[in-house]
Amino acid sequence: MFLEPFINRPLWAALLASTFAQIIKVLLEMLTDKKFNPARLLDTGGMPSAHSAAVAALSTSIGIQEGFRSPLFAISAIFSYLVMYDATGIRRAAGLHAQMINELVQELAHLFDEGFQPQVLKTLLGHTVPQVIIGMLLGILVGAGMYLF
């Protein structure tokens, strides 16, 4: 009973897909910006979507293990859809809002010379549709790979 989480393929598929996505983000930044930024391993946003990879791997492996007609797959598929929809909608909009607020604060910086110093808001929160699609495809591959190998 204690070891059951360690042999749970859907759980490991989701964790592995998310980890792969985060590693890919670091590698892509190394290729494009010519710098190694290990902080990207724990950061949100960017290509590919680790959230999308995780939920797609989870749904794929549940579908393979329990059947694509099972209620558990249906729950997982709807959960995956909501996570991916949220990534391109609300979380992306929040990131754009943060970017605009940061720009306004920068323009009004002279007002903050003394006293209150606003904190820079994190802008890389959500994802573009291509980032979510690539994350989803990565997740499907990892989820299916857990059962092929």
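None of these values were measured; they are calculated from a predicted model.
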Item to check | Check against side chain to side chain contact (heavy atoms under 4.5 Å, CB included), T128 and Q131 | outcome: CA-CA 5 Å; T128 62; Q131 291 169 342; 3.2 Å; yes
Checklist entry - Could you walk me through whether M47 and K25 pass the side chain to side chain contact (heavy atoms under 4.5 Å, CB included) check? => result CA-CA 6 Å; M47 173 68 88; K25 287 178 190 182; 5.9 Å; no
Next on the checklist: Please evaluate residues N37 and V26 with respect to the criterion side chain to side chain contact (heavy atoms under 4.5 Å, CB included), reporting the C-alpha separation (whole Å), side-chain torsions for both, the decisive distance (0.1 Å), and the verdict.
Outcome noted: CA-CA 6 Å; N37 183 7; V26 172; 6.0 Å; no
Item to check | Criterion side chain to side chain contact (heavy atoms under 4.5 Å, CB included) on K35 and E29, from CA distance to verdict | outcome: CA-CA 7 Å; K35 66 178 184 176; E29 189 166 322; 3.1 Å; yes
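Closest of all the heavy-atom pairs between G143 and A13 is CA-CB, 4.1 Å. The two residues F6 and W12 come nearest to each other via the heavy atoms O-NE1, 3.2 Å. Across all non-hydrogen atoms, the minimal contact from T60 to F68 is O-CZ, 4.0 Å. Annotation for A56 and M136: closest pair CB-O, 3.4 Å, computed over non-hydrogen atoms. Nearest heavy-atom pair, A87 versus V132, reported as atom, atom and distance to 0.1 Å: CB-CG2, 4.1 Å. Closest non-hydrogen pair, A17 versus A53, comes out as CB-O, 3.4 Å.
In this structure, S18 contributes its side chain and A54 its backbone to no donor-acceptor pair below 3.5 Å.
A distance of 13.0 Å separates CG of L11 from CZ of R9, quoted to the nearest 0.5 Å. Here I75 contributes atom CD1 and L58 contributes atom CG; the two are 11.0 Å apart, rounded to the nearest 0.5 Å. The distance from the OG atom of S49 to the CD1 atom of I133 is 11.0 Å, given to the nearest 0.5 Å. Here CG of N8 is found 12.5 Å from CG of L3. Values are rounded to the nearest 0.5 Å. Between E66 atom CD and F73 atom CZ the span is 12.0 Å, to the nearest 0.5 Å. Rounded to the nearest 0.5 Å, atoms OG (S61) and OH (Y147) are 4.5 Å apart.
If you chain together hydrophobic residues whose side chains sit under 4.5 Å apart, L41 and F36 fall into the same group. With hydrophobic clusters built from ILVMFWY side chains whose heavy atoms lie under 4.5 angstrom apart, L141 does not share a cluster with I62.
In the hydrophobic clustering, where aliphatic and aromatic side chains (Ile, Leu, Val, Met, Phe, Trp, Tyr) are joined below 4.5 Å either directly or transitively, L82 groups with I78, Y81, Y85.
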